[in-house]
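Beneath this line is the structure, given in structure tokens, with notes to follow.
The chains referred to below are lettered A, B, ... by the order of the sequence lines, with proteins before strands, and numbering in each begins at 1. Please read these numbers as outputs of a predicted model, since none were measured by experiment. When reading the values below, keep in mind they use all heavy atoms of this one structure, side chains included, and skip hydrogens, waters and symmetry mates.
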Protein chains: 2
Amino acid sequence: MAYQDAITALSDPRRRAIFESLRAGPKSVAHIARDQPVSRPAVSQHLKVLQSAGLVDVTAQGTKRFYQIRHQGLTTLRHYIDSFWQDTLDAFANHVTENQTKKEN
Amino acid sequence: MAYQDAITALSDPRRRAIFESLRAGPKSVAHIARDQPVSRPAVSQHLKVLQSAGLVDVTAQGTKRFYQIRHQGLTTLRHYIDSFWQDTLDAFANHVTENQTKKEN
DNA sequence: GCTTACGGTTAGTCATGGCTTACCAAGATG
DNA sequence: CATCTTGGTAAGCCATGACTAACCGTAAGC
């Protein structure tokens, strides 16, 4: 949902590896698990986290479930990062001008 | 250093709160800790992580140490996120065309 | 000089979360 | 229908990491 969930989801190395493996396109759970050094249930749990973070979505096709990257999740994360630019640059300018005023720090 | 460290550093809610509190400009450790519901050593440890992730840098001024946001750390993180766009869009196009070819999935 | 403020480090505790094993439901295949 | 494949879920184990208390070094201020 929010950017917090996206960051939390991508903070785990294995989850990041799974997410990055989807760069190549949609994959089934078994296909993803084949390239990972952990069990299939572990992959399934990671995918659940990625999905509820809005980073992937699923397309059922028979018993197979294809996961793929969802760009919207990455967009919210990018907005969060971008939001620091203007804020901090303004703040830094203020800090320089108020440098001599000796406020409570 | 790398984007991995930045993501890991920002995955912790408290560390994110500390980092976001620096939007307003450089602050001393005591000043940061004043707004956080944890002890000063805890804040110190978080700042250490943020620093080694390249997200903040320090300016000593007497016994006080002013921490501020370092934009370069955010830049590497943004590049990582951006790197998914072209890759996944290409991959999706391929997947659509190869849809009937029934590859091993 | 002595004392106080600032802040980094260490040791030890406790909660979070990633993993495996076992289990179960549902669609595919004969 | 019986069997196999696919994959989600639960219980339990264990490592990681966030936190506090206690300590230490260093620069200010009297």
Side-chain angles (χ1 to χ4, degrees), chain A residues 1 4-22 25-68 99-100 102-105, chain B residues 1 4-22 25-68 99-100 102-105:
Chain A
M1 288 287 136
Q4 292 98 338
D5 301 300
I7 296 180
T8 306
L10 291 178
S11 68
D12 181 67
R14 187 96 54 216
R15 211 145 47 213
R16 217 158 44 223
I18 291 173
F19 186 68
E20 290 173 9
S21 81
L22 294 177
K27 287 182 184 173
S28 68
V29 177
H31 191 189
I32 297 171
R34 202 175 306 147
D35 299 333
Q36 299 296 329
V38 292
S39 69
R40 186 194 48 76
V43 173
S44 216
Q45 289 162 5
H46 282 308
L47 287 170
K48 185 181 184 180
V49 175
L50 287 171
Q51 185 182 10
S52 62
L55 288 169
V56 298
D57 55 7
V58 205
T59 311
Q61 197 168 338
T63 59
K64 293 187 179 180
R65 297 170 67 84
F66 288 89
Y67 283 85
Q68 64 178 316
N99 207 2
Q100 295 82 346
K102 277 284 189 180
K103 303 190 69 172
E104 46 142 0
N105 278 322
Chain B
M1 288 286 137
Q4 292 97 339
D5 300 301
I7 296 181
T8 306
L10 291 178
S11 67
D12 182 67
R14 185 96 55 218
R15 211 146 46 212
R16 216 159 43 223
I18 291 174
F19 185 69
E20 290 173 9
S21 81
L22 294 178
K27 287 181 183 171
S28 67
V29 177
H31 192 189
I32 297 171
R34 201 176 307 148
D35 300 331
Q36 299 295 329
V38 291
S39 68
R40 187 194 48 74
V43 172
S44 216
Q45 289 162 5
H46 283 309
L47 286 169
K48 185 180 182 180
V49 175
L50 287 172
Q51 186 182 11
S52 62
L55 288 170
V56 299
D57 54 8
V58 206
T59 312
Q61 196 166 339
T63 60
K64 294 187 179 181
R65 296 169 68 83
F66 288 88
Y67 283 86
Q68 64 178 319
N99 208 4
Q100 295 82 348
K102 279 284 190 180
K103 303 189 71 174
E104 46 140 1
N105 277 324

Protein-nucleotide distance ([X], atom [atom1]; [N], atom [atom2]), rounded to Å:
{"X": "A:Lys27", "N": "D:dT6", "atom1": "NZ", "atom2": "P", "answer": "16 Å"}
{"X": "B:Gln36", "N": "D:dC19", "atom1": "CD", "atom2": "C1'", "answer": "13 Å"}
{"X": "B:Gln45", "N": "D:dT16", "atom1": "CD", "atom2": "C1'", "answer": "14 Å"}
{"X": "A:Arg34", "N": "D:dG7", "atom1": "CZ", "atom2": "P", "answer": "10 Å"}

With a 4.5 Å cut-off on side-chain heavy atoms, are [Y] and [X] touching?
{"X": "B:Thr8", "Y": "B:Val49", "answer": "no"}
{"X": "A:Leu47", "Y": "A:Val58", "answer": "no"}
{"X": "B:Leu10", "Y": "B:Arg15", "answer": "no"}
{"X": "A:Val56", "Y": "A:Gln51", "answer": "yes"}
{"X": "A:Arg16", "Y": "B:Gln4", "answer": "yes"}

Point-to-point distance, once rounded to the nearest 0.5 Å, from [atom1] of [X] to [atom2] of [Y]:
{"X": "A:His31", "Y": "A:Tyr67", "atom1": "NE2", "atom2": "OH", "answer": "15.5 Å"}
{"X": "A:Leu50", "Y": "A:Phe19", "atom1": "CG", "atom2": "CZ", "answer": "7.0 Å"}
{"X": "B:Ile7", "Y": "B:Leu55", "atom1": "CD1", "atom2": "CG", "answer": "10.5 Å"}

What residues 10-18 of chain B contributes to the DNA chain D interface at heavy-atom separation below 4.0 Å is B:Asp12, B:Arg14, B:Arg15
Verify the contact: side-chain N or O of A:Tyr67 to OP1 or OP2 of D:dG8, cut-off strictly under 4.0 Å; return yes or no.
-> yes
Ignoring backbone atoms, test whether A:Lys48 places a side-chain nitrogen or oxygen under 4.0 Å from the OP1 or OP2 oxygen of D:dT9.
->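 Answer yes for this pair, as a side-chain N or O of A:Lys48 is under 4.0 Å from OP1 or OP2.
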Reading DNA chain C 5' to 3', which nucleotide is the first, and which the last, to come under 4.0 Å of any heavy atom in chain A?
-> C:dG18 to C:dA28
With B for base contact, S for sugar-phosphate-only contact and - for none (protein heavy atoms under 4.0 Å), nucleotides 23-30 of chain D reads ---BBS--
Evaluate the side chain to side chain contact (heavy atoms under 4.5 Å, CB included) criterion for residues A:Asp35 and A:Lys27: first the C-alpha distance (whole Å), next the side-chain angles of each, then the deciding distance (0.1 Å), finally the verdict.
-> CA-CA 11 Å; A:Asp35 299 333; A:Lys27 287 182 184 173; 4.0 Å; yes
Is the backbone of B:Lys48 close enough, under 3.5 Å, to the side chain of B:Ser52 for a donor and an acceptor to pair up by distance?
->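 Looks like yes, one N/O pair under 3.5 Å.
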Is it true that a side-chain atom of B:Ser21 and a backbone atom of B:Ile18 form a donor plus acceptor pair closer than 3.5 Å?
-> yes
